[in-house]
Amino acid sequence: MPGSRTGRPPVQRAVRRPATPRASRENPLRRLYMRAHRAWDRPLTAYYLILGGSLLIIVLGLVMVYSASQVTALQMSLPGSFFFRKQFLAASIGGVLLLAASRMPVKLHRALAYPILAGAVFMMALVQVPGIGMSVNGNQNWISLGGSFQIQPSEFGKLALVLWGADLMARKQERRLLTQWKHMLVPLVPVSFLLLGLIMLGGDMGTAIILTAILFGLLWLAGAPTRLFAGVLSIAGVLGFILIKTSPNRMARLACIGATEPKTGVADCWQAVHGIYALASGGLFGSGLGASVEKWGQLPEAHTDFIFAVTGEELGLAGTLSVLALFAALGYAGIRVAGRTEDPFVRYAAGGVTTWITAQAVINIGAVLGLLPIAGVPLPLFSYGGSALLPTMFAIGLLIAFARDEPAARAALAMRQPRFGRKRGAGGPRGPRRWNTMRRRASVARSSGER
């Protein structure tokens, strides 16, 4: 190889590679999609969706309860904020339950399954005792606590079935017994039918439908074969048909599906039709908060079962779509927690809670839209009613605990939680723990003579 004039070998220049297109030249829609996909796939996505979505639903529900219940309270010669204050008290107690459930370990949740089930069965049996149980709107499902406070034990039956059913199916799966149909059905189905029987003694078919949905959700998560699943569904369908056929009130509710006039044959569809009127008059952005017309005596149960209709009238299509989006995000997060866990109890419990909240929201909103019969179930976390709010908030705490318990989520939360008295990224004596460790190593090295 010939040398250069200086006697040094010639410098070999690197071969230039063709320039790659910059990120700014990429498709902006694809770049936005990739960023959203990365953000959506982070370990804490389910945790933030459950926590943020449930809190937004509760806060918006408190606002709408205050707006929808003022007229009803004044008609009953009560202060306008009467129902709001009761709902706010229930939400405060529910917040304590939510925080406690979110901090409990999974073993403690499993230990509470049997006591909660026994307590729910006992309270649901007390409802039928004369002098203790009381009837509200034709349903014998309430216990008076004194004054204006009442409790509906059947609402706690949903939580009891979720926890007890999840613990039962998890233990059977650990022992590899779910491959036999008798272990899959017994004692889950008999205990579920016991709860359903106690509920139907009071005439509350709406809550019975939600409990049936939870039972089907647990069986589906357990991998029930199609024949077994179809058999249980057929039995439930036949029993439901008999209960509806033998009740004129339930037949009238069934006849009001899609009604556009208050009188549809022999059925009085006043509530269903005025719910549609409220939604139709809301427009895109609604008539304004507090400006509903239907709540002035035209729409029954405006602050309970039909609060979604008042929301559509006052907040419009934008408000109703926001509520639907929040429930959809909550349902997605629950499915994600159930699908990513390795613990069978967490999978069954998360799936049961998600089935419970999603099915109840669909039944309530479907009834308001005129697509389903009016079942008399509240919109979870949104409608007025402390008996429904307390167990639901505890169930949300379960989902938060399960979302925090994922290994990746635990690592991410540990990195984001700063030490008390230390600021992240700050230098000096209050610097991060890593900087203190490096400084300590440097001082040890200098003392040993190393430079």
Side-chain angles (χ1 to χ4, degrees), residues 60-87 135-139 148 204-206 248-324 360-380 382-385 388:
L60 183 58
L62 287 173
V63 174
M64 294 310 304
V65 165
Y66 180 67
S67 175
S69 64
Q70 287 181 338
V71 176
T72 304
L74 293 175
Q75 289 176 347
M76 300 172 62
S77 300
L78 297 171
S81 60
F82 176 77
F83 293 104
F84 168 76
R85 287 181 296 181
K86 290 184 64 178
Q87 186 74 356
S135 177
V136 177
N137 294 332
N139 291 337
S148 60
D204 188 4
M205 189 170 183
N249 183 29
R250 299 188 185 114
M251 287 297 297
R253 292 185 180 187
L254 192 63
C256 290
I257 297 178
T260 56
E261 296 294 335
K263 289 288 185 178
T264 304
V266 295
D268 185 5
C269 303
W270 181 272
Q271 186 179 22
V273 171
H274 279 274
I276 298 296
Y277 289 169
L279 291 172
S281 61
L284 187 59
F285 296 104
S287 58
L289 193 62
S292 171
V293 176
E294 291 292 334
K295 68 182 180 182
W296 287 83
Q298 300 296 325
L299 181 63
E301 307 295 338
H303 60 296
T304 54
D305 299 346
F306 271 68
I307 195 172
F308 188 76
V310 180
T311 304
E313 185 179 4
E314 295 187 351
L315 302 183
L317 181 64
T320 55
L321 290 181
S322 299
V323 175
L324 290 176
Q360 187 165 331
V362 168
I363 292 173
N364 178 274
I365 296 174
V368 174
L369 295 176
L371 303 176
L372 295 174
I374 300 175
V377 296
L379 189 59
F382 201 84
S383 296
Y384 169 79

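- Side-chain contact between Leu315 and Met64 is present, with at least one heavy-atom pair separated by less than 4.5 Å.
- Screening residues 275-299 for salt bridge (charged side-chain N to carboxylate O under 4.0 Å, His left out) gives Lys295-Glu314 as the qualifying pairs, with residues at least two apart or on separate chains.
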Please list every donor-acceptor pair under 3.5 Å in which a side-chain atom of residues 363-377 meets a protein atom from a residue at least two apart or in another chain.
unit_1	atom_1	unit_2	atom_2	d
Asn364	ND2	Asp305	O	2.9
Asn364	ND2	Val377	O	2.7

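- In this view, Phe82 satisfies the ring pair (Phe, Tyr, Trp, His ring centres under 6.0 Å) rule with no residue, not counting sequence neighbours.
- A side-chain contact (heavy atoms from CB on, under 4.5 Å) with Val65 is found for one member of Val310, Ile307, Leu60 and no other, namely Ile307.
- In this view, Asp204 and Gln152, Thr207 satisfy the side chain to side chain donor-acceptor pair (under 3.5 Å) rule, not counting sequence neighbours.
- A donor-acceptor pair is defined here as one N or O able to donate and one able to accept, closer than 3.5 Å; such a pair exists between the side chain of Gln87 and the backbone of Gly385.
- The aromatic rings of His274 and Trp270 lie tilted to each other, with the angle between the two planes from 30° to 60°.
- When all heavy atoms of Tyr277 and Pro262 are compared, the closest pair comes out as OH-CD, 4.3 Å.
- Judged purely by atom type and a 3.5 angstrom limit, Ser322 uses its side chain to pair as donor or acceptor with the backbone of Ala318.
- Residues Ala309 and Leu299 share a closest heavy-atom pair of CB-CD2, 4.0 Å.
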> Can you check side chain to side chain contact (heavy atoms under 4.5 Å, CB included) on Glu313 and Val293, steps first, answer last?
Replying inline: CA-CA 8 Å; Glu313 185 179 4; Val293 176; 3.6 Å; yes

Give the table of side-chain donor-acceptor pairs shorter than 3.5 Å for residues 70-77, with sequence neighbours excluded, one pair per line with atom names and distance.
unit_1	atom_1	unit_2	atom_2	d
Gln70	NE2	Tyr66	OH	3.2

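- In this structure Phe83 satisfies the ring pair (Phe, Tyr, Trp, His ring centres under 6.0 Å) test together with His303, Tyr384, sequence neighbours excluded.
- Here the shortest heavy-atom pairing between Pro378 and Ala388 reads CG-CB, 3.9 Å.
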